[in-house]
2 protein chains.
Amino acid sequence: MSLRHAILTALLEVPSTGLSLTRRFDRSIGYFWQATHQQVYRETAKLEAEALIRAVPQATPARGNPKTYEVTDEGRAELIRWVGDSEPPKPGRDALLVRLRAASVVGPGPLVDQMREHHEFHSARHAEYLAVAARDFADRELDDVARMQYLILQAGIGLEEFWTAWLQDAITELSQGAGSRKAAGAATAG
Amino acid sequence: MSLRHAILTALLEVPSTGLSLTRRFDRSIGYFWQATHQQVYRETAKLEAEALIRAVPQATPARGNPKTYEVTDEGRAELIRWVGDSEPPKPGRDALLVRLRAASVVGPGPLVDQMREHHEFHSARHAEYLAVAARDFADRELDDVARMQYLILQAGIGLEEFWTAWLQDAITELSQGAGSRKAAGAATAG
DNA sequence: CGATCCATGTAATCTGTTACATGATTTT
DNA sequence: AAAATCATGTAACAGATTACATGGATCG
C-alpha cells in the first residue's frame with residue numbers, strides 16, 4: 001500500500017490540495033508512482049478520517065473551495081514506521097515484454113512501431129531527467145537530503161538509459177528479422 | 001489487460017493446467033508479469049467461457065482432475081490482434097523508490113537493510129538470467145523466434161544489472177551519510 | 001491412517017481505472 | 001452571457017491480493 005505513503009511524503013514536503021497533489025503525481029512523484037485524481041481524493045478522504053492528515057483552515061477560500069492538507073504527528077509516525085517496513089522485491093509488470101513474448105509465438109505484426117513510440121518516450125524522459133540533474137544537483141555540495149533525492153533521480157536516469165538502449169537494439173533486431181523469415185510457432189516451455 | 005494475453009501466449013507455447021500455468025507465472029513469464037493461482041483460475045474460466053481456450057479431453061484423468069487447456073483459433077486471432085494494439089508506455093511503480101523519497105523527508109531508519117536484501121535478490125536473479133543465456137542462447141545460430149526470446153532475456157539481464165549497480169551505490173551512500181548527519185525535513189516541491 | 005501435496009475453487013477486500021456530475025470562478 | 005478552467009467528488013467496474021475451503025492422491 002504505497003499510495004497513502006507517497007501522499008504522506010508529498011504532503012510533508014509541502015502541504016497541498018487534492019488537485020495540486022494530483023499534479024505532482026503527474027510530475028516528480030509520478031516518475032515512479034502514478035495516481036489519478038480519483039485515487040488521490042479517495043485516499044486523502046481516508047487519511048483525513050484516520051487523522052493522519054488534516055485540512056488547514058483557510059483565511060481566504062479560493063475558487064472551488066480547495067482544501068489544503070497537512071500531515072499530523074500520527075501521519076508522520078506512520079510514515080516513519082512504513083519506511084522501516086520490509087517488503088520483498090517483486091519485479092514489475094511490463095506489458096511490452098508480454099507483447100514481445102506473444103510476438104515470438106504468433107509473429108511480430110506491427111510491434112516495431114509500438115517500440116519506436118516507446119523508444120521516443122524513454123529517450124525524451126531520459127533527456128528530461130538529465131536536465132533536472134544538471135539544474136538541481138550539478139556544481140554544488142549535496143547534504144544528506146539532496147543526496148537521497150539525487151539517488152532517486154539517478155535511478156530514473158539509469159532506467160531510461162537502459163530502456164532507450166534496449167529498445168534501439170530490439171527495433172534493429174525486429175526490423176532485420178521481419179523481412180527474411182516469419183516467426184513460426186516454436187515453443188519454449190517456461 | 002495483459003493477463004489474459006500472457007495466458008494465451010503461455011498456452012500456445014505449451015498447453016497446461018491451471019496449476020502448471022501458475023507455476024510458469026512464478027518462473028519465466030513471472031519475470032515480467034506475475035499472477036497468483038486465483039487470478040489464473042478466474043481468467044482461464046473466463047477465457048473458456050469466451051471460447052478463446054478449451055479444455056483438452058483426457059484419456060487418463062490424473063489426481064485432482066486437472067483440466068489441460070489449449071488455445072482455440074479464436075484465441076490465437078485475439079492474441080494476434082492484441083500484439084498489434086498500441087498502448088502508451090507508462091513508467092512502472094516502484095515501492096522502494098517511494099520509500100527512499102519518504103526517507104529523504106523523515107530519515108532513512110533501517111532502510112539500508114532493505115536495500116541490501118534487494119541487492120541480494122537482484123544480483124541472484126542476474127546470475128540466474130546469465131545462466132539461462134549461456135545455456136540456451138550461446139554458441140548457436142538463432143532463428144527469428146529465438147532472437148526475440150533472447151531480446152526478452154536481455155531486457156531482464158540489463159534491468160537486473162542496473163538495479164544491482166544502483167543499489168550498490170545507494171547502499172554506499174546511505175551507509176556513509178547515516179553516521180554523520182540526520183536527514184532533516186527539507187522540502188522539494190515536485 | 002495421518003500428513004502432505006495436487007488441483008481447483010469461493011469470498012472478501014483492496015487498488016486502480018473510466019465515465020460522469022456539480023458548482024464556482026475566471027476569461028472572452 | 002457563454003466557454004473554459006478550477007476543484008472536488010460519485011458510481012461502476014476491472015484487476016489484484018489475501019484468506020480460506022474442498023476433495024482426491026500419494027507417501028511414510
Side-chain angles (χ1 to χ4, degrees), chain A residues 1-8 10-11 15-26 29-30 32-50 53-56 58 60-69 82 85 87-95 98, chain B residues 1-8 10-11 15-26 29-30 32-50 53-56 58 60-69 82 85 87-95 98:
Chain A
M1 219 205 318
S2 297
L3 175 57
R4 56 171 32 204
H5 300 102
I7 290 177
L8 286 173
L11 289 181
S16 312
T17 65
L19 193 61
S20 60
L21 262 179
T22 303
R23 295 238 171 80
R24 292 169 69 193
F25 272 101
D26 283 338
I29 313 170
F32 47 88
W33 203 274
Q34 305 91 50
T36 61
H37 82 272
Q38 289 83 351
Q39 277 178 280
V40 169
Y41 285 122
R42 194 170 26 163
E43 202 61 39
T44 48
K46 272 198 219 170
L47 286 168
E48 193 181 14
E50 295 172 41
I53 64 176
R54 76 173 143 242
V56 183
Q58 303 224 52
T60 48
R63 72 172 173 180
N65 194 38
K67 276 194 269 186
T68 300
Y69 290 110
W82 178 78
D85 257 18
E87 193 177 24
K90 61 172 178 186
R93 295 190 155 112
D94 194 310
V98 176
Chain B
M1 220 205 319
S2 297
L3 175 57
R4 56 172 33 207
H5 302 102
I7 290 176
L8 287 173
L11 289 180
S16 311
T17 66
L19 193 62
S20 59
L21 261 179
T22 303
R23 295 238 171 78
R24 293 169 69 193
F25 272 100
D26 282 338
I29 313 169
F32 48 86
W33 203 273
Q34 304 93 50
T36 62
H37 80 273
Q38 289 83 350
Q39 278 176 280
V40 169
Y41 284 121
R42 187 160 33 138
E43 202 62 40
T44 49
K46 273 199 221 169
L47 286 168
E48 193 180 13
E50 295 172 42
I53 65 175
R54 78 175 140 240
V56 182
Q58 304 226 51
T60 48
R63 71 173 173 179
N65 194 38
K67 276 194 269 188
T68 300
Y69 290 109
W82 179 79
D85 257 17
E87 193 177 23
K90 62 172 176 184
R93 296 190 154 113
D94 195 309
V98 177

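Below, read A as the first sequence line, B as the second, and so on, with proteins coming before strands; counting in each chain starts at 1.
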Student: Calculate, to the nearest 0.5 Å, the distance between atoms CG and CG belonging to B:Leu8 and B:Leu3 respectively.
Tutor: 9.5 Å

Student: Tell me which nucleotide among D:dC6, C:dT17, C:dT8 gets nearest to the side chain of B:Leu19.
Tutor: C:dT8

Student: Report the distance from atom CD of B:Gln34 to atom CD1 of B:Ile29, rounding to the nearest 0.5 Å.
Tutor: 11.0 Å

Student: Using whole Å, what does the distance between atom C1' of nucleotide D:dG9 and atom NZ of A:Lys67 come to?
Tutor: 10 Å

Student: In Å and rounded to the nearest 0.5 Å, what is the OH to CD1 distance from B:Tyr69 to B:Ile53?
Tutor: 5.5 Å

Student: Calculate the interatomic distance between A:His37 atom NE2 and C:dG16 atom C1'; express it in whole Å.
Tutor: 13 Å

Student: Between the two end axes of the helix from C:dC1-D:dG28 to C:dT28-D:dA1, each built from 5 base pairs, what angle do you get to the nearest 10°?
Tutor: 10°

Student: Where the side chain of A:Gln38 is defined as all heavy atoms beyond and including C-beta, which of D:dC6, D:dG9, C:dA11 is the nearest nucleotide?
Tutor: D:dG9

Student: Can you name the residues that form a side-chain contact (heavy atoms from CB on, under 4.5 Å) with A:Gln38, not counting sequence neighbours?
Tutor: A:Thr36

Student: Among all residues two or more places apart in sequence or in another chain, which pass the ring-ring contact (aromatic ring centres under 6.0 Å, His included) test with B:Trp82?
Tutor: B:His5

Student: Side-chain donor-acceptor pair under 3.5 Å between B:Arg24 and B:Ser16, yes or no?
Tutor: yes

Student: Can you see if the side chain of B:Tyr41 gets near the phosphate of C:dT8 - specifically, an N or O under 4.0 Å from OP1 or OP2?
Tutor: yes

Student: Go through the structure and list residues passing side-chain contact (heavy atoms from CB on, under 4.5 Å) with A:Thr22, not counting sequence neighbours.
Tutor: A:His37, A:Val40

Student: Expressed in angstrom and rounded to an integer, what is the separation of B:Tyr69 atom OH from C:dG9 atom C1'?
Tutor: 11 Å

Student: Nucleotides 14-16 of chain D: which of its N/O atoms have a protein N/O under 3.5 Å away?
Tutor:
{"residue": "D:dA16", "atom": "OP2", "partner": "B:Gln39", "partner atom": "NE2", "Å": "3.2"}
{"residue": "D:dA16", "atom": "N7", "partner": "B:Arg42", "partner atom": "NH2", "Å": "2.9"}

Student: Quick one: salt bridge (Lys or Arg N to Asp or Glu O under 4.0 Å) partners of B:Asp85, sequence neighbours excluded?
Tutor: B:Arg81

